[in-house]
Amino acid sequence: MALDQSFVGRTYPPTAPYEVGREKIREFAVAVGDANPAYTDPEAAKSLGHTDVIAPPTFVFAITFKAAGQVIEDPQLGLDYSRVVHGDQKFAYSRPVRAGDRLTVTSTIEAIKSLAGNDILDIRGEVHDEAGEHVVTAWTKLVSRAAEGA
Amino acid sequence: MTAKIRYEDVEPGTELPSASFPVSRATLVQYAGASGDFNPIHWNEKFAKEVGLPDVIAHGMFTMAEAVRVVTDWVGDPGAVAEYGVRFTKPVVVPNDETGALIEVSAKVAAKLDDEARTVRVDLTATSAGQKVLGMSRAVVRLA
């Protein structure tokens, strides 16, 4: 069933702050096998001009995607998540995410399209720090594949 | 930001050192834990096949994380990445064996964008088992 176009432009309330921990960044860097010392060694990060260890570029997705849950699970929107695949992902950074950040995400539905029975949903997540400064914007395109025989 | 590559030293066509990233079932379990994405298509073969996949597949975000390492290893400071985007075109299929799968990534400078901001666009190519797994894979990087 095609998603309701009237949801385009809808913005959801900002999430409660997510506090970025050094050890969570380390865990993520180890999981992707990335030994860049900027992720684990505060001195190495400082030598690059950062105030603490920074997170790998895609780390923030865990935070923005959790926030996008507000959209995905919105019963009024009615997305069939069991049929959803991740189509595109993009980030634009004002600065890297770093340990100690307390980040909130504001999710907005940018577009809803229907193509050959597939529902395509574009969600923008604006990530701000505690001071209200922009850190990164994440764009996530989700494709809900048409049900068989639909 | 302290990029170790100078804007003056690159031209459109400059190639970045390419790299290959192995991915096994164990890698995917570890990534699931670190990222919080526990979708069973990334660790449960039976489930993956039931939903029409050939086998367990890697998280798209895992592939995205690996591909950008070619850029961050080149530039030194991961904080120099100003933009990064991909399209997930084909899944990385990860068999349950000793070798798993391999993600092969190459990249080159596609354009010099802004002489003052010293930004360049880098286009990435990522393949696994001979298939292109990312499309429209681009990063904007601030050089020294």
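Keep in mind that the numbers below use all heavy atoms, side chains included, and drop hydrogens, waters and symmetry copies. Every chain is numbered from 1 and lettered A, B, ... according to where its sequence line falls, protein lines coming before strand lines.
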Would a 4.5 Å heavy-atom cut-off, applied to side chains only, mark A/Leu77 and A/Ile109 as touching?
-> yes

First locate atom OG of B/Ser128, then atom NZ of B/Lys90, and finally report the distance between them rounded to the nearest 0.5 Å.
-> 12.5 Å

Can you say whether A/Asn36 sits under 4.5 Å from chain B via the side chain, the backbone, both, or neither, judging by heavy atoms?
-> side chain

Measure A/Ala38 against the heavy atoms of chain B and call it side chain, backbone, both or neither at under 4.5 Å.
-> side chain

A/Val30 versus chain B, heavy atoms under 4.5 Å apart: side chain, backbone, both or neither?
-> both

Any chance you could measure B/Ile5, atom CD1, to B/Leu16, atom CG, to the nearest 0.5 Å?
-> 7.5 Å

Within a reach of under 6.0 Å around NZ of B/Lys108, are more than 12 heavy atoms found that belong to other residues, nucleotides or ligands?
-> no

Please flag which part of A/Pro56 lies under 4.5 Å from any non-hydrogen atom of chain B: side chain, backbone, both or neither.
-> neither

Begin from the C-alpha positions of A/Lys141 and B/Phe88 and carry the test side chain to side chain contact (heavy atoms under 4.5 Å, CB included) through to its verdict.
-> CA-CA 10 Å; A/Lys141 186 186 291 288; B/Phe88 302 106; over 6 Å; no

Could you look at A/Phe65 and say if it's the side chain, the backbone, both or neither that has a heavy atom under 4.5 Å from chain B?
-> neither

Top of B/Ala82, B/Gly85, B/Ala65, B/Gly36 for chain A proximity - count of heavy-atom pairs under 4.5 angstrom = B/Ala82

The single option from A/Phe61, A/Trp139, A/Tyr81 passing ring-ring contact (aromatic ring centres under 6.0 Å, His included) against A/His86 = A/Phe61

Which region of B/Val81, side chain (C-beta onward) or backbone (N, CA, C, O), has a non-hydrogen atom less than 4.5 Å from a non-hydrogen atom of chain A, or is it both or neither?
-> both

Check whether B/Phe62 gets within reach of chain A through its side chain, its backbone, both or neither, counting any heavy atom under 4.5 Å.
-> side chain

So, A/Ser94 and A/His134: side-chain donor and acceptor under 3.5 Å apart, yes or no?
-> yes

Kindly indicate whether the side chain of A/Glu126, heavy atoms from C-beta on, has any atom under 4.5 Å from the side chain of A/Thr64.
-> no

Closest-packed option against chain B by number of heavy-atom pairs under 4.5 Å, given A/Val85, A/Asp34, A/Ile54 | A/Asp34

Pick one of side chain, backbone, both or neither for A/Ser47, based on which atoms fall under 4.5 Å of a heavy atom in chain B.
-> backbone

Segment of A/Lys66 engaging chain B (4.5 angstrom heavy-atom cut-off) = neither

